[in-house]
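See below for the structure under consideration.
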Amino acid sequence: EEALYTLVGGARVGRNSPRWRVAVQQARLPVRMGGMGLTSAMDIREAAWVGTWALVTRPIRELHEPFRDLDVALAPGERFDELREAHKRLRAVRDQVGKTWREW
């Protein structure tokens with residue numbers, strides 16, 4: 001958000017201004033709706049994390065001997081627990097979106 005603050009001149013109104021909140025909301029709207037099409041990194045962090053693991057798991061297992069038997073679904077450790085929970089949340093969101101789209 002710091003880069004956005006600088007980019008759109010947030011200092012002119014201040015961080016606590018309602019105008020700043022509206023400016024952020026507009027900047028995140030799609031271009032076709034008058035926004036800048038910017039996505040919050042905070043909003044997509046879990047999807048990016050899970051997606052990165054999905055992309056690199058196979059190459060890591062193939063290229064690095066200690067990870068040959070790595071199964072992310074069963075791997076012990078707090079970080080893998082967090083990854084599995086993030087994946088579960090993303091699947092729940094996907095399922096909700098799927099239900100909504102079927103109804104449309």
Side-chain angles (χ1 to χ4, degrees):
E1 197 162 292
E2 189 62 37
L4 182 59
Y5 188 79
T6 303
L7 178 69
V8 299
R12 284 180 276 168
V13 295
R15 289 184 197 284
N16 297 322
S17 167
R19 290 179 62 200
W20 168 242
R21 289 286 107 213
V22 171
V24 170
Q25 289 174 341
Q26 182 173 355
R28 292 198 174 133
L29 286 173
V31 173
R32 73 182 189 291
M33 295 176 69
M36 298 171 74
L38 302 178
T39 302
S40 166
M42 293 300 289
D43 290 347
I44 63 168
R45 70 186 181 276
E46 282 191 336
W49 187 32
V50 171
T52 298
W53 269 99
L55 289 171
V56 302
T57 300
R58 178 178 287 157
I60 284 176
R61 289 194 326 227
E62 291 173 358
L63 297 171
H64 192 56
E65 181 67 37
F67 291 111
R68 284 281 181 337
D69 297 323
L70 175 66
D71 184 347
V72 175
L74 302 173
E78 184 179 331
R79 295 293 179 220
F80 286 110
D81 292 342
E82 291 174 10
L83 180 62
R84 286 186 287 269
E85 284 301 312
H87 185 246
K88 188 187 326 183
R89 286 189 293 273
L90 289 169
R91 290 184 62 143
V93 169
R94 183 202 63 192
D95 291 347
Q96 278 301 113
V97 169
K99 288 177 187 174
T100 302
W101 277 95
R102 273 190 233 120
E103 292 172 8
W104 288 353

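Residues take their numbers from the sequence shown, with the count starting at 1.
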Take Glu2 and Arg15, measure what salt bridge (Lys or Arg N to Asp or Glu O under 4.0 Å) needs, and give me the verdict at the end. CA-CA 10 Å; Glu2 189 62 37; Arg15 289 184 197 284; 2.7 Å; yes
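A heavy-atom distance below 4.5 Å is not found between the side chains of Trp49 and Leu90.
Of all the heavy atoms in Gly77 and Arg84, the pair that sits closest is O-NH2, 4.4 Å.
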Contacts table for residues 16-29: side-chain donor-acceptor under 3.5 angstrom, sequence neighbours left out:
unit_1 : atom_1 : unit_2 : atom_2 : d
Ser17  : OG     : Arg19  : N      : 3.0
Arg21  : NH2    : Glu1   : OE2    : 2.8
Gln26  : NE2    : Gly34  : O      : 3.1

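The environment of CZ in Arg89 is crowded: more than 12 heavy-atom neighbours from other residues, nucleotides or ligands sit within 6.0 Å. By the neighbour-count criterion of 12 heavy atoms within 6.0 Å, atom CZ of Arg68 is densely surrounded, having more than that number from other residues, nucleotides or ligands.
Considering CD of Glu82 and CD of Glu46, their distance stands at 9.5 Å, rounded to 0.5 Å. Rounding to the nearest 0.5 angstrom, the gap separating the CD1 atom in Ile60 from the CD atom in Glu65 is 14.0 Å.
Arg45 places a side-chain N or O within 3.5 Å of a backbone atom of Met42 that can act as its donor or acceptor partner. For Arg61 (side chain) and Asp69 (main-chain N/O), no donor-acceptor pair under 3.5 Å exists by modelled atom type.
When the side chains of ILVMFWY residues are joined at heavy-atom separations under 4.5 Å, either directly or via intervening members, Trp53 and Val93 end up in two distinct hydrophobic clusters. Hydrophobic clustering (ILVMFWY, side-chain heavy atoms < 4.5 Å, transitive): Leu83 and Leu70 are in one cluster. A continuous path of hydrophobic side-chain contacts links Val56 to Val72 [ILVMFWY only; heavy atoms under 4.5 Å].
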